[in-house]
Amino acid sequence: MALLVCLSLVAGLLTAFYYWTKKKFSYWSNKGVIGPTPLPIVGNFGTVMLQQESAQLYVKKVHLKYKGEKLVGIYRGSQPAILVRDPELIKHVLIKDFNIFQDRGISTSSSRLSDNLFGADGEIWKILRQKLTPVFTSRKLKDMIPLILKCSNSFTKYVDNLIEKNVEHEIRSLTSKYTLEVIGSCAFGLDLNTVSDEENEFSLIPKKIFKPSIYVRTLVILDMIIPGIKKKFNTSSEIQDFFVNLVRSVIHERKGKPSNRKDFMDLMIELREQGKASRRKEDGVSEIEIDDLMIAAQSLVFYTAGFETSAASMSFLIHEMALNPEIQERIHDEVCRVYEKYNGELTYESTKEMPYLDMVFDETLRKYSVAGILFRKSLADYTFPGTDVTIPKGMPVMISANGLNADPEYFPNPNEFNPENFSPENKKNIPQCAYMPFGEGPRNCIGLRFAKVQSMLGTAAFFKHFKVEPSSKTKRVLEYDPKGIVLVTAHGIWVKISKR
Ligand code: HEM
């Protein structure tokens, strides 16, 4: 009898679960939006949850599979989300109807560190963006050039010493040293000496952020199935302590006053002195408190967004140069000409006189979009123009930047590395919102110009002095780490480096 009751109970639960998932997973078919078939519990993100592939490469696959569709319905766990494929509709989401899609909707942490420019939403984001934009003007960038050049000199000296001992090198760890040194110097006024064999605390932090522990990874997966659960656990105390201590020590060193460096920390110290940052809006004024934790949160995002993405892009560029010697020679010639014109020292203006390197950089970000998914969340019910698809308030919206970059509709032979995709004639034929390595609209990458200038100066210095070739460990087709948050290879990027 007891067995019968148990069996009926299990059968009842299974039936209830079946109808629950069936109802949940009929959301898109009821709206006539097609998409991949979901599995119970995990929806379409099973392989991502099992860490067999990264979210950005999965979403890219979906983007490419549904050729001809403007919108694709997917499920993150049991939660419906929409993938926008069509550049015209993407333009609406990112630019024209920005007031509805201002939020990124990705913050899953209760830590105050998530009140950073990347993770924050609503009024907090608006105030932060307004207050932090002045750090990234061309004027500020120009002032930072001597600091960046100092880092690129240390970088080439370091590589010079290194190749005396060995010729085969993992290039990603080398470019990370350079970009870490740059961000340490330009954002925090720190002379880190990361471009050395020493490992300091500053250079170990990214490993904790970009290679989260099993505990954090499990919470991320659970959060896809039960949205909101991650907020209930503390996941970032070590990283939080590191940045709060870093910020406090820089403030202490500057005696609580802005220095003459006019860097990111100076600006944050100015805001901290006022105690609050505010924004005038139609129905009054909104305010946020600027304390050490708020500064630490911004430092964290500048640090992570600032160095990891640029290091990755530079390493992919160097990889492609090892495989494309003719392109490499053209870069070397162009760089040498500019160095000669500027008497051996690059300037801000000189970065605009390397159009071929610029094309190569754009093509690198096309073939390897390091931050491949753009996220938004609808703040109201929204009907996509020209369609009868309406999404409700709160719906997650995804755009696959690297799916668009690999779409033959916009880039012929997308697997081939071809800088001519960005020649002046070809560039103007790329539809708006079909190429967005830095995102688009008012919530695009605030560090875009900084990223370009630091990468161009570092790459120019590198190719002036060195030549790269494939080594025995070079992989023509790179394999990616399924656990990577930004695009990272599974086995590093290996090249042979020799002196010019
Ligand atoms: C090659 C280098 C870089 C790439 C490919 C990149 C890419 C991106 C992308 C795709 C976004 C999202 C944009 C969107 O949703 O529309 C973003 C946002 C952001 N990036 Fe970058 N980025 C790079 C370098 C940097 C640097 C150097 C910094 C700072 C020093 C930075 C700081 C940020 C911040 C703070 C945001 C959030 C902006 C906001 O929400 O208002 N990034 N980046």
Side-chain angles (χ1 to χ4, degrees), residues 56 59 84 90-91 93-95 98 101-107 114-122 124-133 135-137 140-141 144 147-148 151 175-176 178-188 263-265 267-268 297-317 358 361-377 396-402 404-405 433 435-459 485-488:
Q56 60 168 310
V59 176
V84 187
I90 294 174
K91 206 191 303 177
V93 171
L94 298 181
I95 306 168
F98 180 72
F101 296 102
Q102 175 212 286
D103 286 1
R104 197 165 270 135
I106 53 158
S107 175
S114 61
D115 276 347
N116 63 61
L117 188 61
F118 194 88
D121 282 331
I124 298 185
W125 173 77
K126 279 189 189 158
I127 297 175
L128 287 174
R129 181 86 189 200
Q130 198 180 61
K131 297 292 171 192
L132 295 174
T133 296
V135 185
F136 294 96
T137 57
K140 284 271 156 56
L141 197 51
M144 289 177 190
L147 301 175
I148 303 179
C151 302
T175 54
S176 296
Y178 165 66
T179 56
L180 199 58
E181 185 93 355
V182 173
I183 209 75
S185 171
C186 294
F188 304 106
D263 58 9
F264 160 73
M265 278 306 291
L267 202 105
M268 294 308 290
Q298 310 323 312
S299 311
L300 164 74
V301 83
F302 280 17
Y303 173 94
T304 46
F307 104 92
E308 186 74 13
T309 44
S310 302
S313 314
M314 278 176 73
S315 62
F316 288 126
L317 190 153
D358 201 25
F361 187 64
D362 283 349
E363 175 65 355
T364 305
L365 289 183
R366 182 197 66 78
K367 198 168 165 196
Y368 308 95
S369 246
V370 289
I373 312 181
L374 306 181
F375 295 96
R376 295 293 186 269
K377 187 176 93 176
V397 177
M398 293 185 199
I399 294 157
S400 174
N402 49 20
L404 289 155
N405 292 344
C433 293
Y435 175 68
M436 304 175 290
F438 294 98
E440 192 47 274
R443 204 153 183 186
N444 73 346
C445 174
I446 199 169
L448 183 161
R449 268 184 293 190
F450 182 85
K452 265 203 137 171
V453 167
Q454 77 159 352
S455 305
M456 293 218 15
L457 291 177
T459 317
I485 295 177
V486 296
L487 196 66
V488 240

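All values below come from the heavy atoms of this structure, side chains included, with hydrogens, waters and symmetry mates left out. Counting starts at 1 for both ligands and their atoms, in listed order.
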Inset, instruction - Could you tell me whether a side-chain N or O of Asp121 sits under 3.5 Å from a main-chain N or O of Gly105, the two making a donor and an acceptor? - result: yes
Legend entry - Proximal ligand 1 atoms for Trp125, defined as those under 4.0 Å from one of its heavy atoms: 39 (C), 40 (O), 41 (O)
Legend entry - Sequence-distant partners of Phe361, ring pair (Phe, Tyr, Trp, His ring centres under 6.0 Å), two or more places apart: none
Legend entry - Total protein N/O/S atoms whose distance from atom 21 (Fe) of ligand 1 is less than 2.8 Å: 1
Inset, instruction - Tell me which protein heavy atom sits closest to atom 1 (C) of ligand 1, plus the residue, atom name and distance to 0.1 Å. - result: Ser313 OG, 3.3 Å
Inset, instruction - Would you check if the side chain of Arg376 reaches a backbone N or O of Val397 as a donor-acceptor pair within less than 3.5 Å? - result: no
Legend entry - Residue list, ring pair (Phe, Tyr, Trp, His ring centres under 6.0 Å) with Phe375, at least two apart or on another chain: none
Inset, instruction - Tell me, please: is Arg104 in heavy-atom contact with ligand 1, that is, under 4.0 Å? - result: yes
Legend entry - Exam field: side chain Gln298 to backbone Leu117, donor-acceptor pair closer than 3.5 Å: yes
Legend entry - Worked check of side chain to side chain contact (heavy atoms under 4.5 Å, CB included) between Met314 and Thr364: CA-CA 8 Å; Met314 278 176 73; Thr364 305; over 6 Å; no
Inset, instruction - Give a yes or no answer on whether the side chain of Asn116 reaches the backbone of Phe118 with a donor-acceptor pair at less than 3.5 Å. - result: yes
Inset, instruction - Would you please determine whether Lys452 falls within less than 4.0 Å of ligand 1 on a heavy-atom basis? - result: no
Inset, instruction - State the atoms of ligand 1, each with its element, that fall below the 4.0 Å cut-off from a heavy-atom position in Val370. - result: 5 (C)
Inset, instruction - Mind checking whether Arg443 contacts ligand 1 via backbone (N, CA, C, O), side chain (CB onward), both or neither, at a 4.0 Å heavy-atom cut-off? - result: both
Legend entry - Proximity of Glu440 to ligand 1 by residue part, where a heavy atom lies under 4.0 Å: backbone
Legend entry - Phe264 and Tyr303 aromatic centres sub-6.0 Å: no
Legend entry - Top protein contact for atom 7 (C) of ligand 1, by heavy-atom distance: Pro437 O, 3.4 Å
Legend entry - Protein heavy atom at shortest distance from atom 39 (C) of ligand 1: Arg129 NH1, 3.4 Å
Legend entry - Glu181 backbone acceptor or donor facing Ser185 side chain under 3.5 Å: no
Legend entry - Residues forming a ring pair (Phe, Tyr, Trp, His ring centres under 6.0 Å) with Phe316, sequence neighbours excluded: Tyr368
Inset, instruction - Run the numbers for me: atoms of ligand 1, each under 4.0 Å from some heavy atom of Phe450, listed by number. - result: 27 (C)
Inset, instruction - Could you tell me whether Leu374 approaches ligand 1 through its side chain, its backbone, both or neither, with non-hydrogen atoms closer than 4.0 Å? - result: side chain
Legend entry - Polar atom proximity, Phe302 to ligand 1 (N or O, under 3.5 Å): no
Legend entry - Side chain Ser315, main chain Ala312, donor-acceptor under 3.5 Å: yes
Legend entry - Within 45° cone of Phe98 ring axis and under 6.0 Å: Arg443 NZ or CZ: no
Legend entry - atom 16 (O) of ligand 1: the protein heavy-atom neighbour that sits closest, reported with distance to 0.1 Å: Arg376 NH2, 2.8 Å
Inset, instruction - Check whether any side-chain N or O of Tyr178 sits under 3.5 Å from a backbone N or O of Ser455 as a donor-acceptor pair, and report yes or no. - result: no
Legend entry - Proximity to ligand 1 by part of Phe375, non-hydrogen separation under 4.0 Å: neither
